[in-house]
Amino acid sequence: MTPIPTVFITAIATALLAAGGYAVGHKQGATACAADWQARELASTQAWQQAQQRQQAHADELQRQLAQAQTNTRIRYKEILREIPATTSGRPCLSADALGVLDRFQSGAAPSLRLSATASESAGATDAVASDTQIAQWALDAIDQHERERARCNALIEWHRQP
């Protein structure tokens, strides 16, 4: 057998040590990189969760405000409804012809724009004549519906304005 020169053995040992050092360093670098990536992902997830919580809190507050506005509207509606008989005389106010005009508008309106009943039905008219009391109640119903829709629209607008 031929003796292996010391230089050759030293070169192989150095190459093996270098490869081992590279492998250990690469693994440590990859571990550090993965840990850094996981930390960024965790921070991103936490930021998203906090944003979701803020949005939910904002939505809950808007819902509370909407419910309060609707309650206030119903209270005012009932108070005014009680006052109508005392402030009206019950005398005929709209004739059958006038109610017919309102009913024609109602029947020609798009389904989404129609009120729940015709003018004469809403006014509670009998004998195709509506009294001032009935017209006041009909107007109050229209105002009540408008106030409820206005509150809903305002809440929706506020939702879209959120930061």
Side-chain angles (χ1 to χ4, degrees), residues 24-163:
V24 169
H26 179 69
K27 184 173 180 170
Q28 288 174 347
T31 302
C33 182
D36 184 48
W37 178 82
Q38 288 175 343
R40 284 194 310 266
E41 281 295 309
L42 180 62
S44 175
T45 301
Q46 289 173 339
W48 179 82
Q49 287 174 336
Q50 290 171 351
Q52 288 296 329
Q53 289 170 348
R54 282 191 307 274
Q55 287 178 345
Q56 185 62 49
H58 185 65
D60 291 346
E61 176 59 20
L62 289 174
Q63 183 63 36
R64 186 197 64 74
Q65 290 174 5
L66 177 60
Q68 184 62 49
Q70 289 176 335
T71 298
N72 293 344
T73 298
R74 285 314 281 170
I75 290 170
R76 281 193 323 267
Y77 173 83
K78 289 178 181 181
E79 290 171 353
I80 294 170
L81 188 61
R82 279 191 298 258
E83 292 178 26
I84 287 176
T87 58
T88 57
S89 64
R91 64 180 161 71
C93 184
L94 288 178
S95 68
D97 292 337
L99 289 172
V101 168
L102 293 174
D103 288 344
R104 268 200 330 267
F105 170 76
Q106 182 73 352
S107 64
S112 62
L113 298 177
R114 288 191 185 133
L115 298 175
S116 58
T118 63
S120 53
E121 290 169 346
S122 295
T126 57
D127 299 327
V129 174
S131 71
D132 61 345
T133 304
Q134 293 163 331
I135 296 299
Q137 289 171 344
W138 177 78
L140 180 61
D141 289 344
I143 291 168
D144 177 58
Q145 183 177 358
H146 172 266
E147 286 300 312
R148 284 184 280 126
E149 294 304 320
R150 184 187 59 75
R152 286 185 190 123
C153 287
N154 286 343
L156 187 58
I157 289 167
E158 277 303 310
W159 167 253
H160 286 287
R161 282 187 184 165
Q162 76 177 341

**Student:** Do the side chains of Arg148 and Asp144 get close enough for a salt bridge, i.e. N-O under 4.0 angstrom?
**Tutor:** yes
**Student:** Cys93 and Ser131: which non-hydrogen atoms are nearest, and at how many Å?
**Tutor:** CB-C, 3.7 Å
**Student:** Taking side chain to side chain contact (heavy atoms under 4.5 Å, CB included) as the definition, give me every residue that meets it alongside Glu41, ordered by chain and number, with sequence neighbours left out.
**Tutor:**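 Side chain to side chain contact (heavy atoms under 4.5 Å, CB included) list for Glu41, sorted by chain: Trp37.
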**Student:** So how far is it from Thr45 OG1 to Trp48 CH2, rounded to the nearest 0.5 Å?
**Tutor:** 8.5 Å
**Student:** Listed by chain and number, what are the side chain to side chain contact (heavy atoms under 4.5 Å, CB included) partners of Ala67, not counting sequence neighbours?
**Tutor:** none
**Student:** Between atom CD of Gln56 and atom CD of Gln52, what is the distance when rounded to the nearest 0.5 Å?
**Tutor:** 8.5 Å
**Student:** Could you give the distance from CZ (Arg152) to CG (Leu156), rounded to the nearest 0.5 Å?
**Tutor:**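 If we round to the nearest 0.5 Å, Arg152:CZ and Leu156:CG are 11.5 Å apart.
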**Student:** Check Ala136 against Thr88 and note the closest heavy-atom contact, atom names and distance.
**Tutor:** CB-CG2, 4.3 Å
**Student:** Report yes if some heavy atom in the side chain of Glu149 is under 4.5 Å from a heavy atom in the side chain of His146; otherwise report no.
**Tutor:** no
**Student:** Working to the nearest 0.5 angstrom, can you tell me the gap between Glu147 CD and Asn72 CG?
**Tutor:** 11.0 Å
**Student:** For the atom pair CD (Glu158) and SG (Cys153), what is the distance rounded to the nearest 0.5 Å?
**Tutor:** 12.5 Å
**Student:** Mark yes or no for whether Asp132, through its side chain, and Arg91, through its backbone, hold a donor-acceptor pair below 3.5 Å.
**Tutor:** yes
**Student:** Are Gln70 and Leu66 close enough that some pair of their side-chain heavy atoms sits under 4.5 Å apart?
**Tutor:**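 Yes; the side chains approach each other to less than 4.5 Å.
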**Student:** Which atom names give the shortest non-hydrogen contact between Trp159 and Gln55, and what distance separates them?
**Tutor:** CZ3-O, 3.5 Å
**Student:** Say you draw a straight line from CD1 of Ile157 to CG of Leu62; how long is it, rounded to the nearest 0.5 Å?
**Tutor:**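 Those atoms lie 11.5 Å apart.
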**Student:** Between Arg76 and Thr73, is there a side-chain heavy-atom distance shorter than 4.5 Å?
**Tutor:** yes
